Structure formats: C-alpha cells, structure tokens
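Take a look at the structure set out below.
In the text below, chain A, chain B and the rest are named by the order of the sequence lines, each starting its count at 1. Note that the structure is a prediction, hence the values are computed from the model and not measured.
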2 protein chains.
Amino acid sequence: MLSIGKLSEAAGVKVPTIRYYEQIGLLPEAGRSTGNQRLYGPAARDRLAFIRHARDLGFPLDAIRDLLGLSDRPDQPCAAVDSIAKAQLLAVEGRIARLMALKSELERMITQCAGGSVADCRVIECLGSHAHCTTDHGRDLAEVSE
Amino acid sequence: MLSIGKLSEAAGVKVPTIRYYEQIGLLPEAGRSTGNQRLYGPAARDRLAFIRHARDLGFPLDAIRDLLGLSDRPDQPCAAVDSIAKAQLLAVEGRIARLMALKSELERMITQCAGGSVADCRVIECLGSHAHCTTDHGRDLAEVSE
DNA sequence: ATAACTTCTCTAGCAACTAGAGGTTCAAGA
DNA sequence: TCTTGAACCTCTAGTTGCTAGAGAAGTTAT
C-alpha cells in the first residue's frame with residue numbers, strides 16, 4: 001500500500017492534485033489507515049497514470065472521465081473512445097492553426113519595428129490601429145486555449 | 001458620448017468584459033450620466049480597441065497593462081515594447097511546438113486503433129501504459145495554455 | 001521522547017472572463 | 001404623458017485545473 005506521497009512520486013502527479021481528483025470523482029475514495037491517511041493499491045496507480053497521460057495529451061478532465069468510464073467496460077465497441085480522441089485531435093489542430101496565424105502577425109509586427117521611440121513603434125501602432133493586420137484573428141481566442 | 005453598449009459594439013468587446021477591465025484597472029473609471037450610467041469618449045474606444053487587439057494576439061492582461069503604460073510615454077525608447085512582443089512570440093512558438101507533438105501522438109494512437117472493442121483499443125491501451133509513446137510530452141502542459 | 005516530516009481538512013486564489021439575480025434608467029411609441 | 005421594453009446598474013458566484021496556505025493530527029527516525 002502506498003501513501004499519497006509515494007503515489008504522487010510514482011505517478012508524477014502532485015499530492016494536492018490527487019486529492020483534487022478524488023474530490024471531483026475522477027479517482028474513487030481511497031481507503032484509509034487507522035490514522036485517517038489515504039492508502040493506495042496498484043489499481044489506483046494505474047488509473048492515475050492513465051489520467052496523467054491523457055492530461056499530458058491535453059484531454060480535458062470531462063473527456064478523461066468519459067474515457068475512464070469506457071475503459072471500465074472492455075466489451076463495448078471502442079467507437080466512442082475513438083470519437084473522443086478524434087475530437088481532441090481536432091481541437092489540437094485548431095489551436096495550432098490559430099497560433100500559427102498569431103505567430104506570423106507577431107513576427108511581422110516585430111520585424112517592422114525600427115527600434116526608435118515608442119512614438120513610432122510599429123508594435124504599438126499595429127496594436128492600436130488594427131489597420132495593418134493581414135489576418136482577421138479577431139474572433140474567439142478561447143478556441144486556442146488548452 | 002457612447003453608452004457601454006455602443007462602446008461594446010464599436011470595439012467588439014462584450015459589455016461585462018468592459019466593466020471587468022475597468023474593475024481591474026485596465027480602463028480608467030468611466031464618467032457617468034445623471035442616472036449613473038457609464039459614458040465613453042473616443043479615447044476610451046481607442047484604448048479598448050488596443051486591448052482587444054492585443055488580447056487577440058494572445059497577450060496576457062499583465063503584458064497589455066505594460067504595453068498601455070508604454071504607449072502613454074511616446075518619447076521613451078521602444079525596446080521594452082519589443083521585448084514584450086518578443087516574449088509573446090516565444091510563448092506562441094513554444095505552444096505550437098508542444099501542440100505539434102501532441103498532434104502526432106494523437107494521430108498515431110488513432111490510426112493504430114483497429115476499431116474493435118474497448119478491450120483491444122489502442123487509444124485506451126496507449127493512455128494506460130505510457131509505454132508506446134515516442135515523445136516525452138510529460139512535463140508542464142501549462143506552457144501550452146493560452 | 002522528541003524532532004522532523006508527512007498528511008489531514010478547509011478555504012481562498014490564479015486567468016480572464018461569463019452568467020445570473022434583482023433592481024434602476026433610458027428611449028420610443030400610443 | 002404614460003408605459004413598455006431594452007439597456008443599464010451592482011453584486012455574487014461559476015468556469016478549468018489546479019496551487020497555496022493555515023492549523024491540526026499522524027508517522028517515522030533517532
């Protein structure tokens with residue numbers, strides 16, 4: 001049996017994060033020692049590793065909750081799993097596309113700046129006027145978020 | 001003079017967001033009508049457009065606060081502006097690199113899945129074992145966030 | 001036994017907003 | 001002029017995925 005600290009080390013997930021996952025129901029309530037401290041077996045470690053890996057791949061916790069539910073029913077078809085993964089892939093591709101547009105605009109802004117005073121700084125001017133923009137990166141930055 | 005609703009339309013920033021910006025000190029406190037409603041002039045509109053554009057480019061509000069401070073002192077050299085913009089460019093490039101790695105791992109996972117039952121789903125297996133991973137995307141997802 | 005370390009619960013905070021409750025004010029039509 | 005309905009006001013709380021801290025209790029090593 002592992003203490004929460006050992007589990008934390010083993011899975012590469014911080015201690016408060018483990019407690020947080022338990023709190024939101026991603027991990028089942030852990031058994032307790034006589035002194036009320038959490039104790040974990042190998043199943044908990046595997047489940048936590050799964051969560052961690054999925055988080056590393058950018059899956060939101062809700063999607064991970066679904067994936068865990070599916071992995072508990074091995075006889076079901078895996079189409080649902082695939083669709084979650086594909087949605088995640090699409091999200092990632094969207095973010096990349098968006099960030100590439102931002103990158104080129106930032107580069108353009110920066111290279112145009114001659115390095116004088118703020119009064120004729122291209123960066124400030126571009127941010128202020130919006131007129132020199134090539135892309136219409138205007139809408140919903142939220143989609144870039146991870 | 002513009003009401004907050006008109007300003008919202010003009011700048012493409014939602015009404016509660018404008019109030020939020022005022023609350024955190026990004027926008028100065030607006031003048032009020034006799035009935036206590038906010039009224040804005042052209043200066044506020046320009047400032048808000050600046051903020052919006054910078055947000056579209058992914059600058060965090062703290063950086064925008066700095067940029068606004070700098071743009072109010074046009075006689076200063078613009079090196080500070082440049083360095084903020086360059087930091088933002090670096091951040092964007094980092095996120096892109098990270099997301100590209102995620103994308104290829106997701107693609108690999110998905111294409112390997114033969115589409116049977118969950119029991120032999122590659123996606124679930126890969127998430128669980130971490131052994132088939134090529135990349136060590138393990139550390140600090142936080143850097144991808146926007 | 002005592003010190004140092006870990007764990008416990010609980011609350012609050014981060015970014016950057018968004019949503020809602022419950023109450024005013026404003027602009028336009030009858 | 002009155003009235004309706006939209007827009008405005010303040011305030012609180014929620015979002016995502018944690019992280020930080022307080023203060024108390026358990027555990028481990030010497």
Residue [X], side-chain atoms from C-beta onward, closest of [options]:
X: A:K14; options: D:dT19, C:dT18, D:dC8; value: D:dT19
X: B:T17; options: C:dT9, D:dC18, C:dT18; value: C:dT18
X: A:Q37; options: C:dT6, C:dT18, D:dT19; value: C:dT6
X: B:N36; options: D:dC18, D:dC9, C:dC17; value: D:dC9
X: A:R38; options: D:dC18, C:dC8, C:dC17; value: C:dC8
X: A:P16; options: D:dG17, C:dC26, D:dT19; value: D:dT19
X: B:R32; options: C:dC17, D:dC9, D:dC18; value: D:dC9

Between A:G5 and B:L61, name the one whose nearest nucleotide on DNA chain C is closer to the 5' end.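 Its nearest nucleotide lies further toward 5', so the answer is A:G5.
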Between A:L39 and B:P60, which residue's closest nucleotide on DNA chain C lies nearer the 5′ terminus? A:L39
Send over the distance from [X] [atom1] to [N] [atom2], rounded to a whole Å.
X: A:K6; N: D:dT27; atom1: NZ; atom2: P; answer: 15 Å
X: B:E29; N: D:dC9; atom1: CD; atom2: C1'; answer: 14 Å
X: A:F59; N: D:dT16; atom1: CZ; atom2: P; answer: 17 Å
X: A:L27; N: D:dG17; atom1: CG; atom2: P; answer: 15 Å
X: A:M1; N: C:dT7; atom1: CE; atom2: P; answer: 16 Å
X: A:Q23; N: D:dC18; atom1: CD; atom2: C1'; answer: 11 Å
X: B:E9; N: D:dA6; atom1: CD; atom2: P; answer: 15 Å
X: B:I4; N: D:dA7; atom1: CD1; atom2: C1'; answer: 11 Å

At under 4.0 Å between heavy atoms, what does B:I24 touch on the DNA or RNA strands: base, sugar-phosphate, or nothing?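 Counting heavy atoms under 4.0 Å across all strands, no contact is made by B:I24.
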Over all strands shown, is A:R19 touching base, sugar-phosphate only, or nothing at heavy-atom distances under 4.0 angstrom? base
Could you tell me whether the phosphate oxygens of [N], OP1 or OP2, come under 4.0 Å of any side-chain nitrogen or oxygen in [X]?
X: B:S3; N: C:dC26; result: no
X: B:S33; N: C:dC26; result: yes
X: A:Y20; N: D:dT16; result: no
X: A:Y21; N: D:dG17; result: no

Run the salt bridge (Lys or Arg N to Asp or Glu O under 4.0 Å) test on B:R98 and A:D56 for me, step by step, so that the C-alpha distance in whole Å, both residues' side-chain angles and the decisive distance to 0.1 Å come before the verdict. CA-CA 10 Å; B:R98 183 110 174 77; A:D56 288 343; 5.1 Å; no
Roughly how far apart are B:L67 CG and B:H53 NE2, rounded to 0.5 Å?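 Here the rounded value is 12.0 Å.
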Give me the atom names and distance for the closest heavy-atom approach of A:P60 to A:Q88.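 In this case the closest contact between A:P60 and A:Q88 is CD-OE1, 3.8 Å.
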Would you indicate whether the side-chain heavy atoms of B:E105 and B:C126 approach each other to under 4.5 Å?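 They are in side-chain contact.
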Using a strict 4.0 Å threshold on nitrogen-to-oxygen distance, state whether A:E22 and A:R19 make a salt bridge. no
Taking the basic N atoms (NZ, or NE/NH1/NH2) and the acidic carboxylate oxygens, is any pair closer than 4.0 Å for A:R47 and A:D72?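 Salt bridge: yes.
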